[in-house]
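This structure is a prediction, so every number in the text was calculated from the model and none was measured.
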Amino acid sequence: MFRLWGKIFRDNRLISDYVYENDDIDITRTAKVFDGLESICKEFDLSVPIWLENNISEFKRVDKTRFNADSFIDHIDFDYLEIHVIEE
């Protein structure tokens, strides 16, 4: 079971969270991450953020990254969106 945890923070406090689950063994891990991020953003009514170079390198190292205002095209009313792989 693949699980991706999406969390929204404002002023270093957790505002809301959502866990995306996918048990389809026929798709790649990368596809699950992108699908999970899209599902998390849909749940929070956000546009999908842009993966910047620091997001990619951080996610490769620790299976976790933060998307701040620079990653979003639209204005956001929180500090950052964090995604974290919690189970594979």
Side-chain angles (χ1 to χ4, degrees):
M1 173 70 71
F2 177 84
R3 291 185 182 168
L4 186 67
W5 189 12
K7 301 175 271 188
I8 291 181
F9 288 88
R10 183 182 313 129
D11 299 326
N12 291 323
R13 294 174 191 242
L14 179 65
I15 303 299
S16 57
D17 68 331
Y18 174 74
V19 176
Y20 164 82
E21 296 180 348
N22 188 325
D23 59 356
D24 186 357
I25 60 171
D26 294 332
I27 62 173
T28 65
R29 180 180 191 265
T30 303
K32 290 177 185 177
V33 169
F34 286 128
D35 188 45
L37 180 58
E38 189 174 317
S39 179
I40 288 167
C41 289
K42 186 176 181 178
E43 179 70 23
F44 294 145
D45 194 27
L46 299 171
S47 61
V48 178
I50 299 167
W51 285 81
L52 301 174
E53 192 60 42
N54 64 325
N55 297 114
I56 296 168
S57 63
E58 182 181 29
F59 194 79
K60 284 180 181 178
R61 280 186 290 116
V62 292
D63 285 343
K64 176 177 169 179
T65 192
R66 293 179 176 178
F67 297 101
N68 57 24
D70 294 339
S71 298
F72 290 92
I73 295 173
D74 301 329
H75 172 74
I76 58 172
D77 62 346
F78 53 88
D79 294 334
Y80 59 88
L81 166 67
E82 180 177 284
I83 61 169
H84 184 194
V85 175
I86 56 175
E87 185 178 345
E88 278 190 82

So, do Asn22 and Leu4 sit near enough that their side-chain heavy atoms are less than 4.5 Å apart? no
So CG of Asn68 and CG of Asn55: to nearest 0.5 Å the spacing works out to 7.5 Å
> Honestly curious: do Ile56 and Ile50 fall in one hydrophobic cluster under the side-chain, below-4.5 Å linking rule?
Replying inline: no
*Output yes when a side-chain donor or acceptor of Asp79 lies under 3.5 Å from a complementary backbone atom of Asp11, and no otherwise.*
yes
Interatomic distance, CD1@Ile86 vs NZ@Lys64, rounded to 0.5 Å, equals 11.5 Å
### Message
Quick check: is Phe9 connected to Phe59 through a chain of hydrophobic side chains (ILVMFWY, heavy atoms under 4.5 Å apart)?
### Response
no
- Item | Side chain to side chain, Ile76 and Leu81, heavy atoms closer than 4.5 Å | no
Item checked: Neighbour count >12 (heavy atoms, 6.0 Å) for atom CD, Glu43 -> yes
With sequence neighbours left out, the residues meeting salt bridge (Lys or Arg N to Asp or Glu O under 4.0 Å) with Lys32 are none
Between the CE atom in Met1 and the CD1 atom in Ile25, the distance rounded to the nearest 0.5 Å is 12.0 Å
If two hydrophobic side chains count as joined below 4.5 Å and joins carry through other members, does Ile27 share a cluster with Val48?
no
Interatomic distance, CG@Asp26 vs OG1@Thr28, rounded to 0.5 Å, equals 11.0 Å
Residue pairs meeting ring-ring contact (aromatic ring centres under 6.0 Å, His included), one or both in residues 13-49, sequence neighbours left out, come to Phe34-Trp51
So CZ of Arg66 and CG of Asn54: to nearest 0.5 Å the spacing works out to 11.5 Å
Task: Val62 side chain near His84 side chain, heavy-atom distance below 4.5 Å - done: no
same_hphob_cluster(Leu46, Val19) at 4.5 Å side-chain heavy-atom cutoff
no
Asp70 meets the salt bridge (Lys or Arg N to Asp or Glu O under 4.0 Å) criterion, sequence neighbours left out, with none
The reported gap from CG in Leu14 to NZ in Lys7 (rounded to nearest 0.5 angstrom) is 7.5 Å
Heavy-atom nearest pair, Ser47 first then Cys41, reads O-SG, 3.8 Å
message: With a 4.5 Å cut-off on side-chain heavy-atom distances among I, L, V, M, F, W and Y, is there a chain of contacts connecting Phe78 to Ile40?
response: yes
Beyond-backbone contact of Leu52 with Phe67, side-chain heavy atoms, under 4.5 angstrom
no
